[in-house]
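Atoms within each ligand, like the ligands themselves, are counted from 1 in listed order.
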Amino acid sequence: MLLDPLLPEVAFVGRSNVGKSTLLNALAGRRIAKISGTPGKTRALNVFLIEESHYFLDLPGYGYARVCKVQRAAFRGLVKHTLRRDQLRGVVWLLDIRHPLSADDQSMQDTLAEEEKTRVLAALTKGDKLSSGKRSTRERELREELGLPEDQVVVTSAKTGAGIADLKEAIAGLISGATQ
Ligand code: GDP
């Protein structure tokens, strides 16, 4: 799928219910993404034009228990194709700060690692659900587990707004190719 006009693209991936729609809305400053009602309903790639300057590609949430083999394969294909898009500048990978990586998160980690040139930002969502001490601990633990440097991991809360400006800045860095 070729988008017109051609502009830099940033993809968003994460397990369903991680808070992806909520975060997309917070980043855009308006309601662009539909908040998940029926789990598993949005299976296609949603595209949002942001400030006439770049696109957010919203991949379907993964990790539903009742997904058949064919759907899994289709999702993997969609991710692979998205990661290989010419205009893709990087991926924002959402993880709930409270949870260990699920098996599906781990396979996403493998996929991202296979596409070596893909730049990844991890957004650790729902930061408001932990005390500040626990939040720092989990941030460090996840950073180590993901093997990402400090500036590629951002704790966010769509509820308090914490981390949203930092994440925006990091995304702007991806788009401009300024970092790494
Ligand atoms: P999606 O399936 O990844 O798109 O997840 P949603 O954006 O629909 O969010 C799933 C649930 O998590 C909803 O009930 C949201 O209100 C809640 N949620 C999302 N972000 C946050 C956050 O930063 N803090 C808290 N406390 N709840 C959040």
Below 3.5 Å, N or O to N or O, backbone or side chain included: is there any such pair between [X] and ligand 1?
X	answer
S16	no
G127	no
S21	yes
T156	no

In terms of atom number and element, which parts of ligand 1 are under 4.0 angstrom from non-hydrogen atoms of [X]?
X	value
K159	23 (O), 24 (N), 26 (N)
S157	23 (O)
A158	22 (C), 23 (O)

Quick one: pull up CD1 in I97 and NZ in K126 and give me the separation to the nearest 0.5 Å.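 Rounded to the nearest 0.5 Å, the CD1-NZ separation comes out at 12.0 Å.
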As an exercise, state the distance from NE2 of H81 to CG of L83, rounded to the nearest 0.5 Å.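 Going from NE2 on H81 over to CG on L83, the span is 11.0 Å.
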Using a distance-only test with no angle check, is there a side-chain donor-acceptor pair under 3.5 angstrom linking S107 and D104?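 The answer is no; no qualifying pair exists.
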Side-chain ion pair, D96 and R15, N-O less than 4.0 Å: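 Salt bridge absent between D96 and R15.
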Quick one: do E139 and R135 make a salt bridge, cutoff under 4.0 Å?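 A salt bridge is absent here (no side-chain N lies under 4.0 Å from a carboxylate O).
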Between S157 (side chain only) and A162 (backbone N and O only), is there a donor and an acceptor less than 3.5 Å apart?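 Not at all, since once roles are kept as given, no pair shorter than 3.5 Å links the two residues.
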Would you check if the side chain of E144 reaches a backbone N or O of E141 as a donor-acceptor pair within less than 3.5 Å?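 Side chain of E144 to backbone of E141: no pair is present.
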Part of V18 within contact of ligand 1 (heavy atoms, under 4.0 Å):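 V18 to ligand 1: contacts from backbone and side chain alike.
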Looking at ligand 1, would G14 count as a contact under a 4.0 Å heavy-atom criterion?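 Judged by the 4.0 Å heavy-atom criterion, G14 does not count as contacting ligand 1.
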